[in-house]
Student: 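Sharing a structure with you now.
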Amino acid sequence: MAETTSSRAYEHIVRADKLSVAFGKVRALSDIDLAIGRNEIVGLIGDNGAGKSTLIKTLTGVIPPTSGRLFIRDQPVDWANFSVRRAHDLRFETVYQEKSLGEKQPLWRNFFVGRQITNRFGFIKVREQRRIANEILQRQLGFRGVGIDADSTVAKLSGGERQGIAIGRAMHFDADLIILDEPTTALAIKEVQKVLDFVRRIKASGRAAIYIEHNLAHVHALADRLVVLDRGRIVANIRPADMSLADLTLFLIDLQKTKIGAAA
Amino acid sequence: MSDTPLKHPAPALNPRTAVKLEGLPIIIVFFVLIGLFVGFAPTVFLHWPIYNSFLVTIPPMMILSLGLTLVIAAGEIDLSFPAVIALSGFLFAYVTRTYDAPWLGLLAAIAGGALIGVVNGFLIAVIGIPSIIITIGTSFFWSGIATVLSGGMSYTLERLAGTAINGILSGTVLGIPSEAFWALGVAVVVWFILNRHRFGEHLLFIGDSREVARVVGINTLRERIKLFTLMGALGGFAAVLLTLENLSYFPTQGQGMLLSALAAVFIGGTSVFGGTATVVGSFFGALIIGMLDAGIVATGVAGFWVEVIVGLVFVSAVVLHIGIDDPARIRQLQRRLFSKT
Ligand SMILES: Nc1ncnc2c1ncn2[C@@H]1O[C@H](COP(=O)(O)OP(=O)(O)OP(=O)(O)O)[C@@H](O)[C@H]1O
Ligand SMILES: [Mg+2]
């Protein structure tokens, strides 16, 4: 079951080798080669529909690939046994762009769903889950005095609060790789800063992260490396130190132009 | 459940949950209804026999609506349970008569129901056919099979009078029909499954959003197959109770149950949209539906008014629940209806 591989030395937390994904005739990903170091923050950028979300869903067991191989902590992954649950066991956590929370469910369920604290017959220890959920809410997320507690349903939360919950869940389960898919979309500036601080904390705590973001200033400032996806392919690996934000912007605009040129 | 003292004071009980007792509105409706019955027909409703007959007739339908509560919580529907009642009832009657083994018959009935459920679940979860469509189809198929196998004939099971199985499933305990205890037992188990078990939580998340459920690591295929299997098995059990109650089997015995069992769930306050459900609501919903029929007749209103009144109760209950759960929606509706000139 869940092996504690994280203590062992490894070079790459995750490495994809010629990973391809197709949805029917749509080739969402073609021959992706990508390796992420154990304490590396990788910014994943690219146009809408470039395949960013599909890539991370493949890395986390939501979507099986059409072909290709995956290594986690340098160990090959057996696709037949790979699943979201398995990825959780391997300490991968994802904060999704679209909702990753059950709208009508209370927070104490949302924190633990998929890995509930249960007795051996599968009955949930509600009291314990509620207590821990309240602790995460108050201590790690600072949701004090805003009328949100473990019994609140997600439907009542703002967009920023929802991301906070998903991030708090990742922190609680002590992930080695935290994947953030546009976590700041639709957030107020103050909330965005909170999320960015959290990404910095991921780096400081020695973990790795994949950070998908359309706001180039944010990723440029935060990431150790930027990976540019275009129509399912990796077209550039950029170190922010080697390319200024302005140059990066121009580079992406050029990429857009060639795409429009190709389509015409 | 762990009862270790907390290091920090536990947050005060959420006022919303403290006030909101599960199924409270429908419990109130239930008692108002009894009050009305007593008011209109005191000679009937101040005496035990009518309640005794309720406790015999309601349990099979209640067990079906309890299973349906789980199905609807997961955002699915099952319309094939009347066919399960027909086929499982036949299996029970057949095994009992042919092999003189009623307990084996019980097992066959439950297994047959579960098998129908597995087939439903497979077609729904793996092939991806919407449950409303496929359970209409399998319903025709299995009730057809039941008619073919039974030759369309009813079977009497008088020989079971006084046997152990009849006593245990359909006798009386302390003067109360044992069906009532079985239904109560199923209600308690289903409540714990939905509200306290991992499986129930998975059903709630699946009903909430299948995509979210997948992303948080729920095996949505397996859980939905399990769900329909459980529904089928409960249908098989209900079929045996029904057959024992009459001590005979009719191929048409499930047909009246379809609307009643569904109505019980919705009257109880479970949302059609999935993701939330109330077992307590369905419990009282089943009591209300089961009582209306006999109750209205007993008050002297002509029998053919029954359906009119059931319909009224159904619609008002559903509107009442939406109003309680989501007052914003009612306000929105009012604005849309009255502001447009
Ligand atoms: N489940 C699916 N079925 C069919 N096609 C899909 C599915 N998911 C994604 N696609 C297609 O795959 C391509 C890549 O989509 P993806 O969501 O990965 O893009 P993205 O880079 O995350 O875009 P955005 O920046 O808008 O989030 C798109 O053409 C999309 O339409
Ligand atoms: Mg995306």
Side-chain angles (χ1 to χ4, degrees), chain A residues 57 60-63 83-89 92 94-119 121-131 133-135 137-139 144 147-156 166 169 181, chain B residues 1-20 73-75 189 191-223 226 270-271 273-278 325-326 328-329:
Chain A
K57 280 184 176 163
T60 51
V62 180
I63 297 176
S83 63
V84 175
R85 200 172 286 252
R86 181 84 187 116
H88 278 160
D89 288 346
F92 282 18
T94 318
V95 177
Y96 279 102
Q97 168 185 23
E98 66 269 51
K99 16 177 217 157
S100 44
L101 303 170
E103 283 280 313
K104 299 174 192 166
Q105 313 309 323
L107 297 180
W108 64 264
R109 286 196 191 276
N110 267 292
F111 272 118
F112 293 96
V113 64
R115 49 200 150 175
Q116 298 89 341
I117 305 172
T118 63
N119 68 13
F121 304 110
F123 286 99
I124 299 168
K125 295 181 176 172
V126 174
R127 194 189 292 233
E128 199 174 333
Q129 288 199 4
R130 213 182 243 135
R131 177 177 60 80
N134 272 319
E135 252 177 53
L137 285 170
Q138 301 193 355
R139 301 197 165 178
R144 208 180 296 259
I148 295 171
D149 65 19
D151 286 300
S152 310
T153 56
V154 172
K156 296 200 178 80
R169 183 166 67 183
D181 191 352
Chain B
M1 239 136 270
S2 76
D3 227 338
T4 47
L6 304 176
K7 280 189 219 91
H8 353 267
L13 198 62
N14 188 325
R16 274 164 299 164
T17 47
V19 174
K20 218 169 156 187
V189 170
W191 188 92
F192 272 96
I193 289 179
L194 182 71
N195 296 293
R196 288 293 177 267
H197 199 271
R198 195 194 291 144
F199 176 53
E201 183 164 296
H202 290 173
L203 296 180
L204 289 169
F205 273 80
I206 290 170
D208 207 324
S209 157
R210 219 176 285 158
E211 176 64 14
V212 168
R214 233 155 48 86
V215 154
V216 298
I218 294 169
N219 186 337
T220 57
L221 298 188
R222 193 188 60 199
E223 299 298 65
K226 266 161 66 179
T270 290
S271 154
F273 304 108
T276 56
T278 156
D325 290 346
D326 194 357
R329 191 189 309 212

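All of these numbers come straight from a predicted model, not from anything done at the bench.
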Student: Which bit of A:Gln116 is near chain B, if near means a heavy-atom gap under 4.5 Å: side chain, backbone, both or neither?
Tutor: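 Only the side chain of A:Gln116 comes within 4.5 Å of chain B.
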
Student: Measure the CD1-CZ distance between A:Ile124 and A:Arg130 for me, rounded to the nearest 0.5 Å.
Tutor: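 With rounding to 0.5 Å, CD1 (A:Ile124) is 11.0 Å from CZ (A:Arg130).
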
Student: Pick one of side chain, backbone, both or neither for B:Phe273, based on which atoms fall under 4.5 Å of a heavy atom in chain A.
Tutor: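 Both backbone and side chain.
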
Student: With a 4.5 angstrom heavy-atom cut-off, is it the side chain or the backbone of A:Arg169 that approaches chain B, or both, or neither?
Tutor: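 Contact with chain B involves the side chain of A:Arg169 alone.
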
Student: Mind ranking B:Gly207, B:Gly217, B:Gly200 by heavy-atom pairs under 4.5 Å with chain A and telling me who comes out on top?
Tutor: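 Highest number of pairs under 4.5 Å: B:Gly217.
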
Student: Using heavy-atom distances under 4.5 Å, tell me whether A:Ser83 contacts chain B through its side chain, its backbone, both, or neither.
Tutor: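 Neither; nothing under 4.5 Å.
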
Student: B:Thr220 and B:Arg210: side-chain donor and acceptor closer than 3.5 Å?
Tutor: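 B:Thr220 vs B:Arg210: no donor-acceptor pair found between side chains.
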
Student: Please name the pair of heavy atoms, one in A:Leu137 and one in A:Asp149, separated by the smallest distance, quoted to 0.1 Å.
Tutor: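 Closest approach of A:Leu137 to A:Asp149, heavy atoms only: CD1-C, 3.6 Å.
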
Student: To the closest 0.5 Å, what do you measure between CG (A:Leu101) and CG (A:Leu107)?
Tutor: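 Interatomic distance, A:Leu101 CG to A:Leu107 CG, rounded to 0.5 Å: 8.0 Å.
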
Student: Tell me, please, which residues at least two apart from B:Thr270 pass side-chain hydrogen bond (donor to acceptor under 3.5 Å, both in side chains).
Tutor: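 Listed in chain order: nothing, the list is empty.
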
Student: Do you know which of B:Ile193, B:Asn219, B:Asn195, B:Leu204 has the most heavy-atom pairs with chain A at a distance under 4.5 angstrom?
Tutor: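 Ranked by heavy-atom pairs under 4.5 Å with chain A, first place is B:Leu204.
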
Student: Which one wins on heavy-atom pair count under 4.5 Å against chain B: A:Gly102, A:Gly61, A:Ala87?
Tutor: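 Highest number of heavy-atom pairs under 4.5 Å: A:Gly102.
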
Student: Looking at A:His88, A:Glu103, A:Arg109, A:Arg85, which one has more heavy-atom pairs under 4.5 Å with chain B than the rest?
Tutor: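 Greatest number of close heavy-atom pairs with chain B: A:Arg109.
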
Student: To the nearest 0.5 Å, tell me how far B:Phe199 CZ sits from B:Ile218 CD1.
Tutor: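 CD1 of B:Ile218 is found 11.0 Å from CZ of B:Phe199.
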
